[in-house]
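Each remark here refers to the structure printed beneath this line.
In this text, all values refer to a predicted model and were calculated from it rather than measured experimentally. Ligands are counted one by one from 1 in listed order, and the atoms in each one are counted from 1 as well. Basis for what follows: all heavy atoms, side chains included, without hydrogens, waters or symmetry-related copies.
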Amino acid sequence: MDTRDFIMIEDMYGAHNYHPLDVVLSRGKGVWVWDVDGKKYLDCLSGYSAVNQGHCHPRIVRRLQQQAKKLTLTSRAFRNDQWPLLAKELCELLGYEMVLPMNSGAEAVETALKLARKWAYQKKGIPDGEAEIITCANNFHGRTITIISFSTEPLYRREFGPFTPGFKVIPYGQAEALAEAITPKTAAFLVEPIQAEAGIIIPPSGYLRKAWEICKEKNILFIADEIQTGLGRVGKILACEYEGIKPDVVVIGKSLGGGLIPISATLSSREIMGVFRPGEHGSTFGGNPLACAVAREALKVIQEEKLPERAASLGEFFLNKLRTIKSRYIKEVRGKGLLIGIELKPEAGGARRFCEALKEAGLLCKETHEHVIRFAPPLVVKEKELRWAYQQVKKVFKQFN
Ligand SMILES: *Cc1c(COP(=O)(O)O)cnc(C)c1O
């Protein structure tokens, strides 16, 4: 079977909820992936940053194999010997006191929202059922009905209502808008340190700190969704470190599973997380020993291979390289660490055709929204591989000019 056969079968039987590039991958190693026809590509998406450690990282694969033979799932009805150790290591690494494990990012965001509401009723005395949570325009926090209830992207919402009430949307990057939106019923402010899915939107410097100070002053939980920005992608273990702030609640996922297995987590203080009582929230697979063992190794790799430091220095190198490309179609090249976007002008005719041309040149990139090409290779990428990638990007822009 070749690429066309697989595409035909997928389109016949698989729901059409994605619009993938026409490449069918069957193998990956580090930053490289191979398609079923044997062609090799540099992965510049890293599974939306779930593969920060690189494809099939040998240490993480070995740990998965060992644990798979030993114990994989107990449910939280019983305890296992991996979850306590992951909980401790995660809290120590990120500087928190308690953590709640889930599987997907969206579930961890839902956990943070439930936590904020319960905290507001118990600790702030907001009347039950009336808490409000403030979120930002152009956010991406996942796909559940509650989460899309505060999305501002029509495509994510259309014909999926009725929606969950209790959310207020304000512009991103303006701390004054947050100050104005707060009422006595406000429980929390949910924000992405960088809006990755919206097209690598980096807020003005000082914004997160200002917003955090406002939350402190008004006794509102500052919840950072670091599912994509966290664990090294932008050059720090958490993006919020750039502004020297510690969110009350932080949500992580994606590369916590080393690209092998879904696992996510919501972290907070003992005081806040302590509002959850047995039976109030949970997940069958959350905290399973297989995922926890993999996550423990995935975190070790991030630290021992200094992936945040690599992202910071290689990201700056690659960003500066990309900025030298001259094209009448480029509006802006921006990024932090190895989360980089090239925003195209409207006359470029959309980022999709560029991604298709990049694919032919051996780079797998995905357009975010219509006009941004995202570059987010695994953090194990080498400088010489980024040099090569830059040559390909330059060539593609030359081709279109
Ligand atoms: C990917 C992502 C999510 C959702 O994670 P899933 O695992 O797809 O549910 C939430 N927030 C941010 C910022 C993300 O990038």
Non-hydrogen side-chain atoms of Leu115 and Leu100 separated by less than 4.5 Å: no
Aromatic ring proximity, centroids under 6.0 angstrom, Phe397 and Tyr329: no
Those residues that, when tested against Glu383, pass salt bridge (Lys or Arg N to Asp or Glu O under 4.0 Å) (two or more places apart): Arg387
Plane angle bin for Phe167 and Phe150 - parallel if under 30°, tilted between 30 and 60°, otherwise perpendicular: tilted
Sub-4.0 Å heavy-atom environment of ligand 1, residues by chain: Ser104, Gly105, Ala106, Phe140, His141, Gly142, Glu192, Asp225, Ile227, Gln228, Lys254
Selection residues 111-122 - residue pairs positive for salt bridge (Lys or Arg N to Asp or Glu O under 4.0 Å), sequence neighbours left out: Lys118-Glu280
Side chains of residues 211-224: which donor-acceptor pairs under 3.5 Å do they make with residues two or more places apart or in other chains?
| residue | atom | partner | partner atom | Å |
| --- | --- | --- | --- | --- |
| Trp212 | NE1 | Lys246 | O | 3.0 |
| Glu213 | OE2 | Arg209 | NH1 | 3.2 |
| Lys216 | NZ | Asp248 | OD1 | 2.9 |
| Lys216 | NZ | Asp248 | OD2 | 3.4 |

